[in-house]
Number of protein chains: 2
Amino acid sequence: MAADPGQALFPSRGHDHAACVAGALERAAGICARRGARLTPIRRRVLELVWASHAPIGAYDILARMEPESRRSAPATVYRALDFLMAHGFVHRLSSVNAYVGCGFPDNPHMAQFLICKECGAVAEMDEPRIEQAIGSAAAQAGFAVESPVVEVRGRCPACRKEGAPDARP
Amino acid sequence: MAADPGQALFPSRGHDHAACVAGALERAAGICARRGARLTPIRRRVLELVWASHAPIGAYDILARMEPESRRSAPATVYRALDFLMAHGFVHRLSSVNAYVGCGFPDNPHMAQFLICKECGAVAEMDEPRIEQAIGSAAAQAGFAVESPVVEVRGRCPACRKEGAPDARP
DNA sequence: TTCATTATGATATAATGTATCATCTCCGGC
DNA sequence: GCCGGAGATGATACATTATATCATAATGAA
Ligand SMILES: [Zn+2]
Ligand SMILES: [Zn+2]
Ligand SMILES: [Zn+2]
Ligand SMILES: [Zn+2]
């Protein structure tokens, strides 16, 4: 599942999503074990909920899905879990939509770029050296030291383009 | 002042900022006149406040600076003015910091990229074809139709690098 | 003028994210 | 097994950012 980061891929619509989520949880558990980090039930549950939707999901949507039966969690509970998951590279925050997505390549740290479908919400994560290079060299020309680039591209995913109206002509 | 968009520039620290703001207001007024758009006192004032700080400024900071003496404006007042100013390309929203900056090249629509100094807040706006191309070709490979890319790079500006500690080594 | 359009006032509320302190749980050392 | 500290969670309150709605005012064209 640690696919080639050079090629952005949208999850195919009919894929086995249960297995996809299970795989992500398993990988996270393995990485935490190796790092001595604690993937507690809450953190695990938040990660599961983030993966359960391939579309970005908001913190309060996560909260709303968190065991209404058991004792109610507070926002901070979710944000703390998300902080942990982000620190370990299991999820990314998409600041252009105030929402979170599972990371497809959690094994080593990276600066990702995202394609976000405005219709179905699907997200593809890329790690394109050419984009990083272009940003890096432009920044260097300006004398700017890059620390963390945010690249989030809004548009239409392949599936939505096939189904719907033609792309808007600006 | 309509400098070469190919070269990102941070405003020099000692520049004549009053003239810089005045110029932006004048250009906006001219563009509105040509377009038949109404640069009302409120919109003009919001644009002035956005330009008054070269760093990104939040909507509520704008609100707080808006004539405390006169009748108090509400958040919606500021957001409506910002919507107008963004629609006409006079300001950009930086979604990674929930704040707004004046646009250096309002004359024709463009998709900008931003360098944001984490220390002093200074922002440089770029319009780098190489970045757009890199994003465009990666998106095309994924079958994705780009609509509006968000590129906001956090880091350290030249002035802060000269003054302070050396860049962090990650 | 009259009327339609656009802009603003006013009020309420939604959505997102933090701060603080008490309590609990886990785990290593004894 | 017990103890003690570190880390994790509970609980409550609050901060920040943004939108909805309806009434009123200003503008500009017929
Ligand atoms: Zn990732
Ligand atoms: Zn789609
Ligand atoms: Zn611009
Ligand atoms: Zn700086």
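Keep in mind that what you see is a predicted model, and the values were worked out from it rather than measured. All heavy atoms count here, side chains included; hydrogens, waters and symmetry mates do not. Quick note on labels: first sequence line is chain A, next is B, and so on, each numbered from 1.
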Can you list, pair by pair, the side-chain donor-acceptor contacts under 3.5 Å of residues 76-84 of chain B, counting residues two or more places apart and other chains?
from    : atom 1 : to      : atom 2 : distance (Å)
B:Thr77 : OG1    : B:Ala74 : N      : 3.4
B:Thr77 : OG1    : B:Ala74 : O      : 3.3

What is the distance from [atom1] of [X] to [atom2] of [N], rounded to the nearest Å?
X	N	atom1	atom2	result
A:Leu94	C:dT16	CG	P	13 Å
B:Leu39	D:dG28	CG	P	13 Å
B:Leu63	C:dT11	CG	P	15 Å
B:Met66	C:dG9	CE	C1'	12 Å
A:Ile57	C:dG17	CD1	C1'	16 Å

Summary of protein contacts for nucleotides 13-19 of chain D, nucleotide by nucleotide, where a base hit scores B, a sugar-phosphate-only hit scores S (4.0 Å, heavy atoms): ----BBB
State which residues pass side-chain contact (heavy atoms from CB on, under 4.5 Å) with [X]; sequence neighbours excluded, sorted by chain then number.
X	result
B:Ser96	A:Ser95, A:Val150, B:Ile116, B:Glu152
B:Ser148	A:Arg154
B:Thr40	B:Arg38, B:Ile42, B:Arg43

Detail all sub-3.5 Å separations between protein N/O atoms and N/O atoms belonging to nucleotides 6-8 of chain C.
from  : atom 1 : to      : atom 2 : distance (Å)
C:dA7 : OP1    : B:Arg43 : NH1    : 3.0
C:dA7 : OP1    : B:Arg43 : NH2    : 3.1
C:dA7 : O5'    : B:Arg43 : NH2    : 3.3
C:dT8 : OP1    : B:Thr40 : OG1    : 2.6

Salt bridge (Lys or Arg N to Asp or Glu O under 4.0 Å): pairs with one or both residues in residues 44-61 of chain B, sequence neighbours excluded: B:Arg45-B:Glu48, B:Arg45-B:Glu67
Ring pair (Phe, Tyr, Trp, His ring centres under 6.0 Å) contacts touching residues 21-45 of chain B (sequence neighbours left out): none
Atom pairs and distances, donor-acceptor, side-chain atoms in residues 9-22 of chain B, under 3.5 Å, two or more places apart:
from    : atom 1 : to       : atom 2 : distance (Å)
B:Arg13 : NH1    : B:Glu163 : OE2    : 2.6
B:His15 : ND1    : B:Ser12  : O      : 2.6
B:His15 : NE2    : B:His17  : ND1    : 3.1
B:His15 : NE2    : B:His54  : NE2    : 3.0
B:Asp16 : OD1    : B:Ala18  : N      : 3.4
B:Asp16 : OD1    : B:Ala19  : N      : 3.2
B:His17 : ND1    : B:His54  : NE2    : 3.1
B:His17 : NE2    : B:Trp51  : O      : 3.0
B:His17 : NE2    : B:Ala52  : O      : 3.0

Lys/Arg N to Asp/Glu carboxylate O, B:Glu147 vs A:Arg156, below 4.0 Å: no
